[in-house]
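Here is the structure we will look at, set down as structure tokens.
Remember, it's a predicted structure, so these values are computed and weren't measured experimentally. Below, read A as the first sequence line, B as the second, and so on, with proteins coming before strands; counting in each chain starts at 1.
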Amino acid sequence: MKLTRRDLLITFVKGAALSALPMSAYKILSPSEVHAALKESNIRWGFIVDTDKCVGCGFCVKACKLENEVPYDVEVSRTWVERYIIMKDGRTMIDTPHAGRDGFTTQSVRGADVNPKNIAKAFFVPKLCNQCENPPCVQVCPVGATYQTPEGVVLVDRSWCIGCGYCIMSCPYGARFFHPVHKVAEKCTFCYHRLVKGMKTACVDACPFGARQVGNLKDQNDPVTKQVLTQRVAVLKDSFGTKPQVYYIGLDENVR
Amino acid sequence: MSHAWRPLIVLAGALVFALVARHFLVPPDFTTGERGFMYSYHRASSPGEWKEFKVKYQGKEYCGECHDEKYESNMKSKHALIQCENCHGPAIDHPEDPEKLTIDMSRAQCIRCHALLPYPTSQRADIKGINPSEHNVDEQCADCHDPHEPDLE
């Protein structure tokens with residue numbers, strides 16, 4: 001076959017066009033990119049726990065259990081309150097009797113008397129699911145029974161969970177447990193059913209002292225967002241890279 | 001046919017079987033969201049099922065709609081910050097269902113806050129408190145102190 005100059009030039013142009021094409025046309029879009037291009041949620045639920053305000057009454061735990069049908073007298077709970085007592089000699093005592101459901105009503109810790117004169121600092125820390133930006137519990141689910149909603153809440157699909165317990169083991173915060181009735185993994189949902197109706201979570205409503213607040217972190221005018229942006233807040237186990245969306249005010253180094 | 005092909009056919013058969021089984025066993029509405037397969041692979045109807053979950057705690061304003069006198073007097077007292085339902089129990093669909101709420105009048109309810117815990121660095125120390133094992137042990141707090149408008153006399 002004889003190649004004319006004309007054919008050669010045309011071939012060059014075709015070749016240049018083809019080699020330019022793959023960069024854009026052959027790019028495989030990830031589902032997240034497609035979804036983001038279609039529509040992105042303008043809600044990201046976040047939470048503030050003000051440990052300075054918590055007095056350890058436990059109304060939040062009681063309300064959570066009743067609202068979310070978590071068996072009341074079983075030692076499991078979606079949220080709980082921890083008491084930290086740091087003695088002047090450096091010892092630390094931590095307890096959470098019945099997850100704090102009945103409040104803290106005695107000065108003794110797990111039956112041991114504590115002399116208030118020897119206490120350097122003592123305070124209460126409410127805990128719940130951190131609704132992590134990068135939830136390890138979701139990554140490990142082998143069947144797709146737990147997932148993050150567009151609003152950032154991590155939910156469990158009760159009809160699809162096989163109860164293997166990987167997620168319970170993987171949560172660095174111990175926020176998950178096995179539901180004794182439904183026999184599936186159970187966790188805090190940020191009261192998803194209440195948030196979608198414009199209500200606050202049951203624990204936020206039950207707290208008399210405003211130690212718990214829930215809000216939309218994507219809304220710059222939300223009181224919760226303003227506090228996260230302007231106050232000194234910390235998250236639990238930052239080094240794990242889970243990016244918790246529960247922010248703590250007044251967090252102490254002894255809190256784990 | 002060479003011997004090498006036979007196991008390959010078996011493997012191909014197993015693969016086809018697995019794909020067919022997967023097609024029938026996995027619900028058709030499995031989907032991904034904003035965060036891709038790692039974080040949002042789920043049954044599309046699952047969030048809707050959670051949204052349907054029954055709300056039990058209705059909030060203080062809901063109670064005030066009917067019990068306005070109690071509501072207003074309580075809102076002027078030191079206990080204004082406490083939800084009615086913290087003591088009266090979740091309203092759910094009250095007054096239809098349940099018709100009557102169970103009121104928690106126990107000492108345990110009061111000492112959640114009013115058992116004295118003189119802790120530095122905690123606002124618990126600022127709440128007026130008693131030692132529950134010494135202060136009128138066998139009596140109901142509400143016999144002397146009105147929980148709606150508490151005072152210490």
Side-chain angles (χ1 to χ4, degrees), chain A residues 30-33 35-36 40-41 52-59 62-63 66-69 85 102-107 116 119-124 134-135 138-139 141 144-150 155-160 189 191-194 196-197 199-200 202 205-206 208-210 252, chain B residues 26-27 30-43 45-60 79-83 85-87 89-90 92 104 106-127 129 131-133:
Chain A
S30 73
S32 53
E33 282 174 298
H35 207 86
E40 199 178 332
S41 169
D52 292 328
K53 290 180 178 162
C54 181
V55 304
C57 68
F59 276 133
K62 178 188 177 186
L66 293 176
E67 173 75 27
N68 293 297
E69 297 171 18
I85 298 178
D102 301 331
F104 293 81
T105 55
T106 145
Q107 294 189 19
I119 296 176
K121 47 185 174 181
F123 48 87
F124 302 96
N134 302 320
V138 175
Q139 291 184 36
C141 180
T146 184
Y147 57 95
Q148 194 176 42
T149 71
L155 297 177
V156 177
D157 182 348
R158 280 183 177 167
S159 65
W160 200 240
T189 60
C191 282
Y192 194 61
H193 60 295
R194 293 172 67 91
V196 295
K197 295 181 182 77
M199 307 171 84
K200 305 278 184 207
D205 276 348
F209 304 98
D252 187 83
Chain B
V26 174
F30 253 89
T31 178
T32 60
E34 262 177 55
R35 300 293 307 282
F37 285 103
M38 190 188 280
Y39 292 123
S40 45
Y41 184 58
H42 67 286
R43 254 183 349 109
S45 46
S46 172
E49 289 165 18
W50 275 112
K51 283 175 191 171
E52 296 300 307
F53 198 79
K54 181 93 186 121
V55 169
K56 282 112 188 157
Y57 280 84
Q58 304 290 357
K60 204 159 188 167
H79 275 176
L81 26 77
I82 298 176
Q83 291 283 330
E85 289 164 296
N86 278 4
C87 304
I92 312 179
D104 188 348
S106 66
R107 281 170 72 87
Q109 182 77 344
C110 307
I111 62 172
R112 284 169 175 270
C113 296
H114 294 290
L116 184 66
L117 298 181
Y119 290 157
T121 74
S122 170
Q123 290 190 11
R124 176 64 175 257
D126 303 336
I127 299 176
N131 182 346
S133 53

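A/Thr105 contributes no side-chain N or O that, together with a main-chain N or O of B/Arg112, makes up a donor-acceptor pair within less than 3.5 Å. Between the side chain of A/Arg194 and the backbone N or O of B/Tyr57 there is at least one donor-acceptor pair closer than 3.5 Å. Proximity of a side-chain donor or acceptor of A/Lys197 to a complementary backbone N or O of B/Lys51 within less than 3.5 Å is detected. A donor-acceptor pair is defined here as one N or O able to donate and one able to accept, closer than 3.5 Å; such a pair exists between the side chain of A/Lys62 and the backbone of B/Asn86. Judged purely by atom type and a 3.5 angstrom limit, B/Arg124 uses its side chain to pair as donor or acceptor with the backbone of A/Phe104.
The local environment of NZ in A/Lys200 is sparse, with at most 12 non-hydrogen atoms from other residues, nucleotides or ligands closer than 6.0 Å.
The residue among B/Ser122, B/Pro118, B/Ser46 with the most heavy atom pairs within less than 4.5 Å of chain A is B/Ser46. Contact tally against chain A (heavy-atom pairs below 4.5 Å) for B/His114, B/Glu52, B/Gln109: the top residue is B/Gln109. Ranking B/Ser40, B/Pro120, B/Ala115 against chain A, the residue ahead of the rest is B/Pro120, based on heavy-atom pairs under 4.5 Å. With chain B as partner, the option from A/Cys191, A/Gly210, A/Gly58 having the largest number of non-hydrogen pairs under 4.5 angstrom is A/Gly58.
You'll find the side chain of B/Glu85 stays beyond 4.5 Å of the side chain of A/Glu67, heavy atoms only. Using a 4.5 Å cut-off on side-chain heavy atoms (C-beta onward), A/Phe209 and B/Cys113 make contact. Under the 4.5 Å side-chain criterion, counting only non-hydrogen atoms from C-beta, A/Phe123 is not in contact with B/Gln123. Residues B/Leu117 and A/Gln107 meet the side-chain proximity criterion, which asks for heavy atoms closer than 4.5 Å. Two residues are said to be in side-chain contact when any heavy atoms from C-beta on lie closer than 4.5 Å; B/Phe30 and A/Trp160 meet this criterion. Here the side chains of B/Trp50 and A/Arg158 are in contact, with some heavy-atom distance below 4.5 Å. Within the 4.5 Å cutoff, no side-chain heavy atoms of A/Val138 are placed close to those of B/Tyr41. Between A/Pro208 and B/His79, every side-chain heavy-atom pair lies at or beyond the 4.5 Å cut-off.
In this structure, chain B has a heavy atom under 4.5 Å from the side chain of A/Pro116, while its backbone stays farther away. When heavy atoms are compared at a cutoff of 4.5 Å, B/Leu116 approaches chain A solely by way of its backbone atoms N, CA, C and O. When heavy atoms are compared at a cutoff of 4.5 Å, A/Asp252 does not approach chain B at all. With a 4.5 Å cut-off on non-hydrogen atoms, A/Cys141 does not touch chain B at all.
Here A/Thr149 contributes atom OG1 and B/His42 contributes atom NE2; the two are 8.0 Å apart, rounded to the nearest 0.5 Å. A/Tyr147 contributes atom OH, which lies 8.0 Å from atom CZ of B/Arg43 (distance to the nearest 0.5 angstrom).
A perpendicular orientation is assigned to the rings of B/Phe53 and A/His193, their planes being inclined by more than 60° (bins at 30° and 60°).
Residues A/Asn134 and B/Arg35 come closest through the heavy atom pair OD1-NH2, 3.2 Å. The two residues A/Leu66 and B/Pro90 make their nearest non-hydrogen contact at CD1-CD, 3.9 Å. When all heavy atoms of B/Pro47 and A/Tyr192 are compared, the pair lying nearest together is O-CE2, 3.8 Å.
Between B/Lys54 and A/Glu69, no side-chain nitrogen of the basic residue sits less than 4.0 Å from a carboxylate oxygen of the acidic one, so the salt-bridge criterion is not met.
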